[in-house]
Amino acid sequence: MADVNTVVIVSNKQEIINHISQKLVLLRDLDKIKSCSIQEVQTMLDGFNPNVLILHCENNNQSVVELIKNLKNHELYKNLPILLINENCSRETIIEAFDNGISDVLFMPIIDYELLIRVIWALKKNEMNLCIESQKQFLSTIGVVESESDVYCQKYCYDFLKNEIEQTKKYSQRACLLIVSPDKKYPNNKTDKEFIRIIKKAIRLNDSVVQKNSRQFYVYLKKTKLNGAYSVFERINNSLGIEAGANAGVVEIQKQRFDDIIEALDAALEKANENTNSLIVASDFYYSSDEPQLVFDDAIKKTNNDIPHLKKTPIEPKIDDNSIKLYNQAYARKLKIVVVPVFKKFENSIRTKHQDFAVKSYVGQKSLFAIAKKDISATFALDYDGAQQVSVKLTILDNAQKRLFETETVDFNVLDSKKLSLMLSGLSEKFIAIANRP
């Protein structure tokens with residue numbers, strides 16, 4: 001820790017200040033303890049940056065929450081550790097305080113050794129924050145990190161990712177790597193910085209964003225499984241709204257070669273960009289690790305120049321359990337944002353224009369849209385296989401005789417609102433023509 005640390009106790013109760021001060025006697029003699037009321041904090045801190053702030057909050061005092069917000073929005077105090085002493089505050093107030101940047105919380109009555117441990121940890125955290133700030137400033141100065149956004153620059157993209165992946169493997173930690181880009185509907189007049197802001201809103205402080213090139217970004221998610229990566233992807237799309245979306249490839253870091261990870265992610269993103277709001281598991285694009293073996297004659301050993309160049313051959317994608325879970329989550333989202341709105345739109349339209357028609361729909365793993373008039377009925381069915389494919393069936397029955405029966409199997413990612421609307425529109429028009437015949 002620093003040679004001299006200063007701890008500031010903030011409370012409107014002098015007895016609380018005295019009580020906390022007495023419990024901090026085990027700090028080193030050269031450490032300083034100062035105190036003030038909540039209203040005096042700003043005046044005391046002008047031009048002075050303490051190492052730790054102990055802030056007493058009683059009965060959901062909103063002025064304390066406002067003080068936390070103001071301090072964390074101040075350039076000089078944004079990294080200042082704040083230890084909140086809670087006295088009769090609600091869960092909502094404590095959560096709000098955490099959301100605004102406090103480091104820790106203690107509950108009354110205060111236990112002396114617990115207070116001391118938390119203060120020492122806060123002092124260490126303050127030093128760590130200052131060290132990180134210094135490193136970021138240095139990386140920004142030499143052009144490794146973009147100063148405004150904290151995004152790693154394109155020039156050092158792969159150097160950074162290699163280092164992170166090596167560390168993840170070394171300590172056997174979980175991590176996921178995403179490659180994300182906005183879809184074709186994303187406005188051309190919007191800059192990369194605006195898209196970066198959306199990504200950073202969706203990730204944690206210890207996650208990293210790396211620029212691959214214009215409008216393509218790697219997102220390194222530490223201690224994250226595939227389902228966590230899906231949540232990040234969903235938050236990005238929710239922030240983009242309905243007029244634009246993002247596409248992505250993702251891989252969970254295990255024992256793969258770095259080059260294989262990058263190639264697979266590129267292939268996954270290329271596949272995802274065929275649609276919108278599409279997340280593809282990159283592991284489905286890995287090449288086979290089985291190399292063809294050379295047989296050497298014992299009597300004749302070929303030199304390296306004689307050995308033919310061996311190429312990896314692609315194999316059919318294998319869908320693992322993690323991929324299936326991700327596909328199921330993606331299909332559930334597809335039902336929510338595509339199938340349900342389109343079905344409802346056609347239901348309302350048909351009911352308005354043809355009041356003598358019966359219209360019903362159901363959405364789930366097996367989704368159905370049905371229209372009927374007397375002995376004539378038409379159905380549009382989507383049957384999801386639980387992995388990646390959807391069977392699409394269009395049927396029209398006229399007095400129990402099939403007038404139309406079409407079926408095809410497609411990747412559910414291609415079922416966007418436009419394609420689904422065209423299918424339903426075609427079926428509806430044919431049904432209406434038969435139902436309204438003379």
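A salt bridge links R351 to E347: at least one charged side-chain nitrogen sits closer than 4.0 Å to a carboxylate oxygen. Salt-bridge annotation for D99 and K69: absent, with no side-chain N of the basic residue lying under 4.0 Å from a carboxylate O of the acidic one. A salt bridge links K13 with E58; the closest basic N to acidic carboxylate O contact falls under 4.0 Å.
Side-chain contact check for S208 and Y218: no donor-acceptor pair (N or O, by modelled atom type) lies under 3.5 Å. No side-chain N or O of E40 forms a donor-acceptor pair with one of T43 less than 3.5 Å apart. Side-chain contact annotation: D183 with N247, donor-acceptor N/O pair under 3.5 Å absent. Side chain to side chain, S90 and N60 meet the donor-acceptor criterion of an N or O pair below 3.5 Å. Between the side chains of Q137 and S134, not a single donor N or O lies within less than 3.5 Å of an accepting N or O. With 3.5 Å as the limit, one finds a donor-acceptor pair spanning the side chains of E133 and N79.
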Evaluate the side chain to side chain donor-acceptor pair (under 3.5 Å) criterion for residues S181 and Y186: first the C-alpha distance (whole Å), next the side-chain angles of each, then the deciding distance (0.1 Å), finally the verdict. CA-CA 10 Å; S181 69; Y186 190 74; over 6 Å; no
Could you give me the CA-CA distance, side-chain angles and deciding distance for E408 and K393, then say whether salt bridge (charged side-chain N to carboxylate O under 4.0 Å, His left out) is met? CA-CA 7 Å; E408 64 175 316; K393 296 179 181 178; over 6 Å; no
Determine whether F107 and I94 satisfy the following criterion, side chain to side chain contact (heavy atoms under 4.5 Å, CB included), listing intermediate values before the conclusion. CA-CA 11 Å; F107 296 84; I94 297 171; 3.7 Å; yes
Could you walk me through whether R174 and E252 pass the salt bridge (charged side-chain N to carboxylate O under 4.0 Å, His left out) test, one step at a time? CA-CA 7 Å; R174 288 187 177 274; E252 186 172 343; 2.4 Å; yes
Given salt bridge (charged side-chain N to carboxylate O under 4.0 Å, His left out), test K162 with D259 step by step and report yes or no. CA-CA 10 Å; K162 281 181 181 178; D259 291 343; 5.4 Å; no
Between K170 and E166, does the salt bridge (charged side-chain N to carboxylate O under 4.0 Å, His left out) criterion hold? Intermediate values first, please. CA-CA 6 Å; K170 179 179 178 180; E166 284 174 7; over 6 Å; no
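Between L55 and L83 the shortest side-chain heavy-atom distance does not fall below 4.5 Å. Looking only at side-chain heavy atoms (C-beta outward), L106 and E114 come within less than 4.5 Å of each other. Residues K185 and L240 are not in side-chain contact: their nearest non-hydrogen atoms beyond the backbone lie 4.5 Å or more apart. Between N12 and Q39 there is a side-chain heavy-atom pair separated by less than 4.5 Å. I54 places none of its side-chain heavy atoms less than 4.5 Å from the side chain of V10. In this structure the side chain of V7 never reaches within 4.5 angstrom of the side chain of N51, judged on heavy atoms. Under the 4.5 Å side-chain criterion, counting only non-hydrogen atoms from C-beta, T352 is not in contact with S349. Considering only heavy atoms from C-beta on, Y158 stays 4.5 Å or farther from V210 through its side chain.
K169 NZ: more than 12 foreign heavy atoms inside a 6.0 Å radius. F138 CZ: 12 or fewer foreign heavy atoms inside a 6.0 Å radius. Within 6.0 Å of CD on E270 lie no more than 12 heavy atoms contributed by other residues, nucleotides or ligands.
Remark: L205 CG to K222 NZ distance equals 11.5 Å, nearest 0.5 Å. Expressed to the nearest 0.5 Å, how far SG of C36 lies from CG of L53 amounts to 7.5 Å. From L382, atom CG reaches atom CG of L335 across 8.0 Å, with rounding to the nearest 0.5 Å. Between R204 atom CZ and T224 atom OG1 the span is 3.5 Å, to the nearest 0.5 Å. Taking OG of S103 as the start and CG of N129 as the end, the distance is 7.0 Å to the nearest 0.5 Å. For the atom pair E96 CD and C89 SG, the distance stands at 11.0 Å (nearest 0.5 Å).
The nearest pair of heavy atoms linking K23 to I110 is CE-O, 3.3 Å. For C153 against V145, the heavy-atom pair with the smallest separation is SG-C, 3.8 Å. Closest non-hydrogen pair, A246 versus I236, comes out as CB-CG2, 4.0 Å. Residues Y156 and I142 share a closest heavy-atom pair of OH-O, 4.3 Å. In terms of heavy-atom proximity, G245 sits nearest to N237 at CA-OD1, 3.3 Å. The minimum heavy-atom distance between A272 and A248, with the atom names listed, is CB-O, 3.6 Å.
Using cut-offs of 30° and 60° on the angle between ring planes, the pair F346 and F369 is perpendicular. Taking the six-membered ring for Trp and thresholds of 30 and 60 degrees, F380 and F343 have ring planes more than 60 degrees apart, a perpendicular arrangement.
Here the options are K200, R197, K136, the test is salt bridge (charged side-chain N to carboxylate O under 4.0 Å, His left out), and the partner is D150; only K136 passes. Looking at L221, T168, I261 one by one, the single match for side-chain contact (heavy atoms from CB on, under 4.5 Å) with L177 turns out to be I261.
Panel note: side chain R118, backbone V105; a donor-acceptor pair is recorded below 3.5 Å.
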